[in-house]
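All heavy atoms count here, side chains included; hydrogens, waters and symmetry mates do not. For reference, positions follow the sequence shown, starting with 1.
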Amino acid sequence: MNLPNIGIVLDYENLYGIPEPKDRIDFLKRSGISKTEVLARLALINGLLMPRNSIYFDYSKKKQIEILNHLLRTESTGKTRLKNILKDKVLIFNRPSNVFGMMEIINSDLINETENGQTNELQEQKFIEYYLCLNKATSQYSHKNVKNPSLEELNAGILAYNELFQNTDPVMTIYKGILLFKHLVVESKYSKDFEEYLMREVGKDWKSYLTEIGSLFLFSGSTKEEFSQFIKQEGENPVIERLSKRELPIKIGNQLEALDIKKSPLYEFDKNSYVILDRRFVLDKCYNLIIWEFLFDSLLYGVKDPKQRKSIIKEYKGEIGKFYEGYIEDSLRRAFHFLKHPEPKLFDDLLEKGNEKGDIYIRHNKRILFGEVKSSNIPSASKYGKSLKDFYGDDRDKFFKDHGLTQLVKNLKSFLDDPHNLDAKFQLGKKHTIYPIIITRDISLTVVFTIHLFNKEFDSLFNRLHYSAHEIKPLMILHTSDLEQMEQNLADRKFKIFNILDKHFKKHEILPGIKYSLVKYKPKRPNILNERNMFEF
């Protein structure tokens, strides 16, 4: 599968050389195509782009043509022209436009059913033209209509758009979900609240709920047709009923936020017949989304007092942070199990009289991985705001502090000023190479430009000249999934993380996420998955 290397996302005006229709919904209406048919086609595109058991979305030219063949069943001059235009850096079908379009169509007044339940050639062509209009609308939305944006403004504008292109391993997401649920139920103070929340929401205990989500993601639809997004449910299934219940008012200005689809990633066509709009949003119901839904729909429900709400949020975020740090620590210890002199120092190993000296210290000879781990997320108001001020909030410095940069700089300076305080065998007078990293739960921090801007801020806070006795590499931000993808290969010593980072820095002037360098290596899921049956709780 290919990571997106996007040069042009083709839109209506690109293709036809004339302005697009002013009202794209009216444009669809006049073709007679139905709401359910348009949603089914958008879901089909999502299904084809997202192989169920793959780490990567597939944005290859081959996949684009395959989708085109499904949507336009009859050969025509227009279809041939589209095929000829599609090249490695030209894209039509993509997840952001699918999500944007689904939000628009669900809220539209298109007719519910196409006559005779069939589409004709004209309607198929009009859907393609509508999709090309979506590509323009999605891109314009993402840039917030800022003229001549700075790099910071551009990053804020495209963050939400680019986040929808990001990949995670579905199997590892299910695994993390199982560990998270077990933590909340067995090890946290939220056990009773969480179990009551699930029973209230879906009428299932946590084990049954996770089994349903995992099965829905991995095994639903036709076994012969990987793209099949349709479910025929006989009898009652409270999980499917909840995932298809539409109750949120749709925020037209925030179509990329997709609150309605995140809350209800299934759509009921008729009684007991459903389509999966977005499989990854289904999957997130056992990890990313459930974290915030439990907070806002349960713990904060009915709480009006601002101080009480703030206290609840702080305590709950601390619990999620505790879980996340434990997950990352286990992964890092497995990945670097062979290092003995010294062994990796992680989290509590780096506490001194209650003061944190860092979260990660891994030294192999004279190369050192030094970093922070953060479970915080960029707030929705920042990610889907309309300006740079919205993005940073009222305090730009606080933004970088919340995501670990300020602490990383402080701890790295403290370490370099007195290395023996942390590592008694550190060779004074010898040149070391330091690789500063932040590991984050928020995948949007690894999109293009974000890492670059964090590096600029790192450079403004950290005086490289003062520490010129050592080589300080650029800051790298790793997402959880990056570590998951590397873990077993690191443990098996197939490659060294320092070499991967060096090649990545050398290849890219403006750093993207590390996944762009990992894609050429054969991914290998951690052996921990083979040591247990995930669904044997």
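A donor-acceptor pair under 3.5 Å links the side-chain atoms of D169 to the main chain of V171, judged by distance alone. S215 contributes a side-chain N or O that, together with a main-chain N or O of T211, makes up a donor-acceptor pair within less than 3.5 Å. A donor-acceptor pair under 3.5 Å is formed between the side chain of K262 and the backbone N or O of E257. Side-chain N or O atoms of S376 include one that pairs as donor or acceptor with a backbone N or O of D402 at under 3.5 Å. For the pair H364 (side chain) and K496 (backbone), a donor-acceptor distance under 3.5 Å is absent. S311 places no side-chain N or O within donor-acceptor distance of the main-chain N or O of Q308, the cut-off being under 3.5 Å. For the pair Q166 (side chain) and I443 (backbone), a donor-acceptor distance under 3.5 Å is absent. Remark: side-chain polar atoms of D284 are not paired, donor with acceptor, to backbone N or O of Y287 under 3.5 angstrom. Remark: the backbone N or O of K304 is not paired with any side-chain donor or acceptor of R309 at under 3.5 angstrom. One N or O on the side chain of N98 and one on the backbone of N94 form a donor-acceptor pair closer than 3.5 Å.
Between the side chains of N377 and R441, at least one donor N or O lies within less than 3.5 Å of an accepting N or O. S375 and E325 share no side-chain donor-acceptor pair at under 3.5 Å. Side-chain atoms of N167 and R280 form no donor-acceptor pair, as typed in the model, at a separation below 3.5 Å. The closest side-chain donor-acceptor pair between T480 and Y324 falls under 3.5 angstrom. Donor-acceptor pairing under 3.5 Å is lacking for the side chains of Q485 and K515. Side-chain contact check for Y392 and E152: at least one donor-acceptor pair (N or O, by modelled atom type) lies under 3.5 Å. Donor-acceptor pairing under 3.5 Å is lacking for the side chains of Y521 and N489. Defined by atom type and a distance below 3.5 Å, a donor-acceptor pair is missing between the side-chain atoms of S414 and N411.
From L405, atom CG reaches atom CD1 of I438 across 5.0 Å, with rounding to the nearest 0.5 Å. To the nearest 0.5 Å, the span separating OG1 on T433 from CG on L501 amounts to 11.5 Å. Within the model, atoms CG of L180 and OG1 of T173 stand 11.5 Å from one another, a figure rounded to the nearest 0.5 Å. I313 contributes atom CD1, which lies 6.5 Å from atom NZ of K317 (distance to the nearest 0.5 angstrom). Taking CD1 of I528 as the start and CG of L179 as the end, the distance is 8.5 Å to the nearest 0.5 Å.
The number of heavy atoms from other shown groups lying within 6.0 Å of NZ (K410) does not exceed 12. Atom NZ of K413 sits in a crowded spot, with more than 12 heavy atoms from other residues, nucleotides or ligands closer than 6.0 Å. In H341, the NE2 atom is not crowded: 12 or fewer heavy atoms of neighbouring residues, nucleotides or ligands sit closer than 6.0 Å. Atom CG of D395 is surrounded by more than 12 heavy atoms from other residues, nucleotides or ligands within 6.0 Å.
Ionic pairing of K383 and D390 is not present here: no N-O contact between side-chain nitrogen and carboxylate oxygen is shorter than 4.0 angstrom. R200 has no carboxylate O lying under 4.0 Å from a charged side-chain N of E196, or vice versa, which leaves the two without a salt bridge. Ionic pairing of D359 and K345 is not present here: no N-O contact between side-chain nitrogen and carboxylate oxygen is shorter than 4.0 angstrom. Ion pairing between a basic and an acidic side chain is recognised when a charged N comes within 4.0 Å of a carboxylate O; D502 and R367 show such pairing. K285 has a carboxylate O that lies under 4.0 Å from a charged side-chain N of E293, or vice versa, which qualifies the two as a salt bridge. By the 4.0 Å N-to-carboxylate-O rule, E343 lies too far from R333 to be salt-bridged with it. Contact check on D459 versus R464 returns a salt bridge, with a Lys/Arg side-chain nitrogen under 4.0 Å from an Asp/Glu carboxylate oxygen.
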### Query
For K263 and D297, what are the C-alpha separation, side-chain angles and deciding distance, and is it a salt bridge (Lys or Arg N to Asp or Glu O under 4.0 Å)?
CA-CA 11 Å; K263 191 74 175 177; D297 297 346; 2.3 Å; yes

### Task
Report the C-alpha separation of E484 and K176 in whole Å, then their side-chain angles, then the decisive distance to 0.1 Å, and conclude whether the salt bridge (Lys or Arg N to Asp or Glu O under 4.0 Å) test is met.
CA-CA 11 Å; E484 290 166 348; K176 284 196 297 285; 2.8 Å; yes

#### Entry: Intermediate values then yes/no, side chain to side chain contact (heavy atoms under 4.5 Å, CB included), L416 and I472
CA-CA 11 Å; L416 291 174; I472 312 297; 4.0 Å; yes

### Message
side chain to side chain contact (heavy atoms under 4.5 Å, CB included), that's the test. Do M50 and D278 meet it? Break it down for me.
### Response
CA-CA 9 Å; M50 303 177 192; D278 190 290; 3.6 Å; yes

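When every heavy atom of Y384 is checked against every heavy atom of A160, the shortest pair comes out as CE2-CB, 3.5 Å. Residues H504 and P512 approach most closely at NE2-O, 3.0 Å, considering heavy atoms. Residue V409 comes nearest to L461 through the heavy atom pair CG1-O, 3.7 Å, listed as atom of the first residue, atom of the second, then distance. The two atoms that bring L408 and G371 nearest to each other are CD1-CA, 3.8 Å, heavy atoms only. Between K431 and A469, the shortest heavy-atom contact is CG-O, 3.3 Å.
Geometrically, K204 does not engage Y209 in a cation-pi contact defined by less than 6.0 Å to the ring centre and at most 45° from the axis.
A 4.5 Å side-chain heavy-atom check between I451 and L445 finds every atom pair outside the cut-off. Side-chain atoms of N46 and M102, non-hydrogen and from C-beta on, do get closer than 4.5 Å to each other. Looking at heavy atoms from C-beta onward, I360 lies out of side-chain contact with E372 at the 4.5 angstrom threshold. In this structure, D492 and F338 have side chains that are not in contact, with every pair of non-hydrogen atoms separated by 4.5 Å or more. Side chains of I291 and L295 form no contact here, defined as non-hydrogen atoms less than 4.5 Å apart. Looking at heavy atoms from C-beta onward, I368 lies in side-chain contact with I434 at the 4.5 angstrom threshold. Residues D442 and E163 form a side-chain contact, since some pair of their non-hydrogen atoms from C-beta on lies under 4.5 Å apart. Contact of the F57 side chain with the F165 side chain is not registered, since no non-hydrogen atoms from C-beta on lie closer than 4.5 Å.
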Let me have the donor-acceptor pairs involving side chains of residues 184-191, under 3.5 Å, with sequence neighbours excluded, atom names and distances please.
from : atom 1 : to   : atom 2 : distance (Å)
E187 : OE1    : H183 : ND1    : 3.2
S188 : OG     : L184 : O      : 2.6
S188 : OG     : Y190 : N      : 3.1
K189 : NZ     : E315 : OE1    : 3.4
K189 : NZ     : E315 : OE2    : 3.3
Y190 : OH     : Y316 : N      : 3.3
S191 : OG     : V185 : O      : 2.7

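Of the candidates F462, F400, F449, F454 forms a ring-ring contact (aromatic ring centres under 6.0 Å, His included) with just one, namely F400. Exactly one of F370, Y361, F498 qualifies for a ring-ring contact (aromatic ring centres under 6.0 Å, His included) with Y435. That residue is F498.
For residues 468-489, the pairs satisfying ring-ring contact (aromatic ring centres under 6.0 Å, His included) are F426-H470, H432-H470, with sequence neighbours left out.
Taking the six-membered ring where tryptophan is involved, the planes of F294 and Y197 are tilted, since the angle between them lies from 30° to 60°.
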